[in-house]
S.K.: 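Below you will find the structure I want to go over with you.
Computation of the quantities below employed the complete heavy-atom set of this structure, encompassing side-chain atoms and omitting hydrogens, waters and symmetry-equivalent molecules.
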Amino acid sequence: MAQKARMTVDRDFRIGEVDKRIYGSFIEHLGRAVYTGIYEPGHKTADELGFRQDVIDLVRELNVPIVRYPGGNYVSNFYWEDSVGPKDQRKPRLDLAWRTYEPNAVGINEFSKWAKKADTSIMMAVNLGTRGTSDALNLLEYCNLDTKSEYADLRRAHGDKDPYGIKLWCMGNEMDGPWQFGHKNAREYGHLAAETSKAMKTMDRSIETVVCGSSNVDMPTFGTWEAQVLDEAYDYVDYVSLHQYWGNRANDTADFFAVTDDLEYFLHSVIATCDYVKGVKHSKKTINLSFDEWNVWYHSMQQDNEDMENLPWRSHPHLLEDIYNYEDAIVDALALIKFLQHADRVKVACLAQLVNVIAPIMTEEGGPAWRQTIFYPFYLVSKYGRGTALQPVLSCGDHATSKHDHVTDVEAVSVWNEEKEQLAIFAVNRNTEEPVEFEADLRGFEGYHVAEFAALEGDDMKAVNTKDCERVKPIRRTDAVLDGGVLKTVLKPASFVTIVLEK
């Protein structure tokens with residue numbers, strides 16, 4: 001017998017405006033993300049700068065408004081000066097983070113041009129690991145200022161008359177992690193980030209900055225790290241970062257689908273810590289969240305670690321090239337729903353990463369670019385999840401998994417685009433065994449009709465896509481019934497649906 005779920009949607013039950021930057025992504029100088037990913041001069045689709053047009057087309061399809069660059073762990077030993085100017089004068093470097101060889105054939109000059117071609121903007125990270133405030137200021141001047149001064153003049157000498165106008169800056173990366181070069185304790189890092197952000201905002205008052213939060217929810221310093229860093233930096237930064245990756249190492253699909261319950265705990269805890277510091281400081285300012293690394297990541301990890309140990313200093317090796325399956329796509333859909341449920345505080349989020357490296361887009365060197373399974377939930381939510389997130393009033397059954405109790409069968413949220421007179425409902429049936437009879441009370445949306453009903457459904461949790469075959473992609477359904485202001489349909493086990501209504 002099918003389970004039941006009922007959702008009430010009302011335009012007055014508002015969570016907050018959806019910041020389009022929650023559909024951001026990430027390009028790091030890691031593996032084949034850059035070389036043979038976005039950049040392959042000899043490819044048949046390459047443009048005059050060597051960028052693959054087939055990849056740009058897929059990035060545009062995802063409608064990614066911001067891309068974090070150039071790392072990631074890579075940034076903590078990044079010498080930005082090596083990545084600008086005439087290519088024949090650039091210094092190659094050994095990247096310590098991933099133990100690879102970096103030719104610096106692509107740098108800030110080129111990436112700024114790629115971003116324009118891909119209809120996106122840059123979220124720039126500065127090196128607060130092995131470098132510091134003065135280098136961050138020099139980089140900011142190079143990128144953003146139109147002054148008659150050393151580094152602005154240097155950008156112009158390199159052929160870029162106009163500033164890049166980068167508005168969002170990361171104060172380092174995962175500085176709580178002992179694996180990070182230049183790792184610091186919370187007080188040291190918080191002070192450095194505060195001073196760097198303060199100086200950068202003096203130079204360019206239009207920018208916003210992101211301070212490093214915990215690298216994941218399981219860090220032993222989680223909580224105290226955020227509290228101490230924000231105690232130092234609260235007045236000078238705008239966002240605190242969160243990072244989290246998930247995996248199904250135990251091959252337990254039902255429990256894998258419960259990871260967003262842990263994500264809820266993570267978000268709630270960081271929000272509470274931000275507001276605690278706000279109260280202690282008697283501040284009127286609110287710190288919001290930048291979830292600037294998130295995804296499923298576990299398929300390739302063991303092999304990657306062995307390769308980095310035994311085969312160091314290669315140029316653009318195959319690293320972190322997870323081939324995603326059906327259940328991974330469902331988990332990514334759940335994460336996107338969770339971010340929308342917290343749209344009042346989650347203002348930036350970056351799917352890590354964008355091309356080849358734990359990515360929705362894969363490329364073959366000299367061959368095609370193709371969509372992984374996780375491409376599709378991101379595409380659907382990015383396309384239709386723009387507007388005002390509405391508080392889901394949801395009643396449904398629950399179930400227990402091996403490590404989680406009271407896992408709701410359904411996770412759902414809705415987004416109302418007032419300008420387009422469009423309402424989108426995103427829902428996942430986390431019950432892997434039973435369908436759910438789903439009802440949505442939409443009586444506050446008189447005159448609306450179902451315009452689109454896309455469903456990601458499947459029986460094979462391990463199904464993958466390849467360059468030759470897309471086994472996992474949305475199907476169009478026509479069986480949603482809207483009668484008397486109540487929408488009715490059935491959510492198949494382990495499925496994700498996007499239902500779009502228009503007036």
Side-chain angles (χ1 to χ4, degrees), residues 26 28 71-77 96-98 125 127-130 170-194 210-234 237 239-250 252 255-256 258-280 287-298 301-302 304-305 308-309 320 331 335 338 342 345-346 349-350 352 358 401-405:
F26 183 20
E28 182 171 3
N73 292 344
Y74 175 82
V75 81
S76 285
N77 196 39
L96 302 183
W98 305 105
N127 179 357
L128 292 189
T130 58
C170 300
M171 300 293 96
N173 174 74
E174 295 185 353
M175 298 304 295
D176 63 324
W179 57 84
Q180 204 70 218
F181 295 103
H183 162 65
K184 296 168 177 62
N185 66 41
R187 290 290 178 188
E188 291 172 328
Y189 167 69
H191 180 73
L192 175 59
V210 182
V211 73
C212 292
S214 293
S215 300
N216 60 73
V217 72
D218 297 318
M219 293 296 290
T221 55
F222 171 57
T224 57
W225 172 272
E226 280 79 2
Q228 291 178 7
V229 166
L230 288 174
D231 187 51
E232 298 284 341
Y234 195 95
V237 300
Y239 306 94
V240 61
S241 74
L242 301 83
H243 292 179
Q244 191 67 47
Y245 297 97
W246 304 283
N248 187 16
R249 293 175 179 83
D252 184 343
D255 196 62
F256 190 32
V259 296
T260 45
D261 287 12
D262 303 326
L263 176 55
E264 173 66 35
Y265 165 78
F266 194 9
L267 291 167
H268 180 79
S269 298
V270 175
I271 290 168
T273 304
C274 291
D275 292 346
Y276 161 75
V277 178
K278 177 181 181 178
V280 168
I287 295 287
N288 287 317
L289 309 189
S290 174
F291 215 117
D292 48 47
E293 286 188 35
W294 69 273
N295 204 349
V296 174
W297 174 22
Y298 76 103
M301 198 173 289
Q302 181 176 345
D304 290 335
N305 290 337
M308 284 186 286
E309 180 64 29
L320 281 67
V331 167
K338 189 60 65 179
H342 290 275
R345 299 300 292 271
V346 179
C350 300
I358 49 175
T401 68
S402 59
K403 296 179 181 177
H404 296 82
D405 295 323

S.K.: Check whether any side-chain N or O of D176 sits under 3.5 Å from a backbone N or O of S215 as a donor-acceptor pair, and report yes or no.
M.R.: yes
S.K.: State, to 0.1 Å, how close A194 and A233 come at their nearest heavy-atom pair, and which atoms those are.
M.R.: CB-CA, 3.7 Å
S.K.: Quick check on Y276: does its OH atom have over 12 non-hydrogen neighbours (other residues, nucleotides or ligands) under 6.0 Å away?
M.R.: no
S.K.: Taking side chain as C-beta onward, heavy atoms only, is M308 less than 4.5 Å from N305?
M.R.: yes
S.K.: To the nearest 0.5 Å, how far apart are CG in L263 and CH2 in W246?
M.R.: 5.0 Å
S.K.: Can you see which heavy atom on A186 is nearest to which on Q228, and at what distance?
M.R.: CB-OE1, 3.4 Å
S.K.: Say you draw a straight line from OG of S214 to CZ of F222; how long is it, rounded to the nearest 0.5 Å?
M.R.: 5.5 Å
S.K.: Check whether K403 reaches the backbone of T401 with its side chain - one donor and one acceptor, N or O, closer than 3.5 Å.
M.R.: no
S.K.: Does any part of the side chain of W225, heavy atoms only, come nearer than 4.5 Å to the side chain of M219, both counted from C-beta?
M.R.: no
S.K.: Please report the interatomic distance CG(L192) to CG(L128), rounded to the nearest 0.5 Å.
M.R.: 4.5 Å
S.K.: Using every non-hydrogen atom in the two residues, find where A335 and W294 come nearest and quote the distance to one decimal.
M.R.: CB-CZ3, 3.7 Å
S.K.: When rounded to the nearest 0.5 angstrom, what distance separates NE2 in H268 from NE2 in H342?
M.R.: 9.0 Å
S.K.: Could I get the full list of side-chain hydrogen bond (donor to acceptor under 3.5 Å, both in side chains) partners for D262, not counting sequence neighbours?
M.R.: H404
S.K.: Would E226 and I287 count as a side-chain contact (heavy atoms from CB on, under 4.5 Å) if you check the C-alpha gap in whole Å, the side-chain angles of each, and the deciding distance to 0.1 Å?
M.R.: CA-CA 11 Å; E226 280 79 2; I287 295 287; over 6 Å; no
S.K.: Side chains of M175 and S76: closer than 4.5 Å at any heavy-atom pair?
M.R.: yes
S.K.: When you compare the side chain of V280 with that of Y234, does any pair of heavy atoms fall below 4.5 Å?
M.R.: no
S.K.: Taking only residues two or more places apart in sequence, or in another chain, which ones meet Y245 in a ring pair (Phe, Tyr, Trp, His ring centres under 6.0 Å)?
M.R.: W297
S.K.: One pair to check against side-chain contact (heavy atoms from CB on, under 4.5 Å): L289 and V240. What are the steps and the verdict?
M.R.: CA-CA 5 Å; L289 309 189; V240 61; 3.6 Å; yes
S.K.: Just wondering, do C212 and V229 contact through their side chains at under 4.5 Å, heavy atoms?
M.R.: no
S.K.: Run the side-chain hydrogen bond (donor to acceptor under 3.5 Å, both in side chains) test against T273 and tell me which residues pass, sequence neighbours left out.
M.R.: none
S.K.: side-chain contact (heavy atoms from CB on, under 4.5 Å) for V296 and F256? Distances and angles first, verdict last.
M.R.: CA-CA 10 Å; V296 174; F256 190 32; 3.9 Å; yes
S.K.: Do N248 and Y298 come within less than 4.5 Å of each other through their side chains, counting heavy atoms only?
M.R.: yes
S.K.: Got a donor-acceptor contact below 3.5 angstrom from the S241 side chain to the G213 backbone?
M.R.: yes
S.K.: If we only count heavy atoms from C-beta on, is the E293 to E28 side-chain gap below 4.5 Å?
M.R.: no
S.K.: For H191, does the NE2 atom sit with more than 12 other heavy atoms under 6.0 Å from it, leaving out its own atoms?
M.R.: no
S.K.: State, to 0.1 Å, how close C274 and R345 come at their nearest heavy-atom pair, and which atoms those are.
M.R.: CB-NH2, 4.0 Å
S.K.: Mind checking what makes ring pair (Phe, Tyr, Trp, His ring centres under 6.0 Å) contact with W98, not counting sequence neighbours?
M.R.: none
S.K.: Considering non-hydrogen atoms only, spot the tightest contact between Y74 and A97 and give its length.
M.R.: N-CB, 3.9 Å
S.K.: For the atom pair OG1 (T130) and CG (N77), what is the distance rounded to the nearest 0.5 Å?
M.R.: 4.0 Å
S.K.: Kindly state each residue pair satisfying salt bridge (charged side-chain N to carboxylate O under 4.0 Å, His left out) with at least one member in residues 210-221, sequence neighbours excluded.
M.R.: none
S.K.: With sequence neighbours left out, what residues match N73 under side-chain hydrogen bond (donor to acceptor under 3.5 Å, both in side chains)?
M.R.: N173, Q180
S.K.: From N216 CG over to Q244 CD, what is the distance, rounded to the nearest 0.5 angstrom?
M.R.: 5.0 Å
S.K.: Answer whether the closest heavy-atom distance between the side chains of Y189 and M171 falls below 4.5 Å.
M.R.: yes
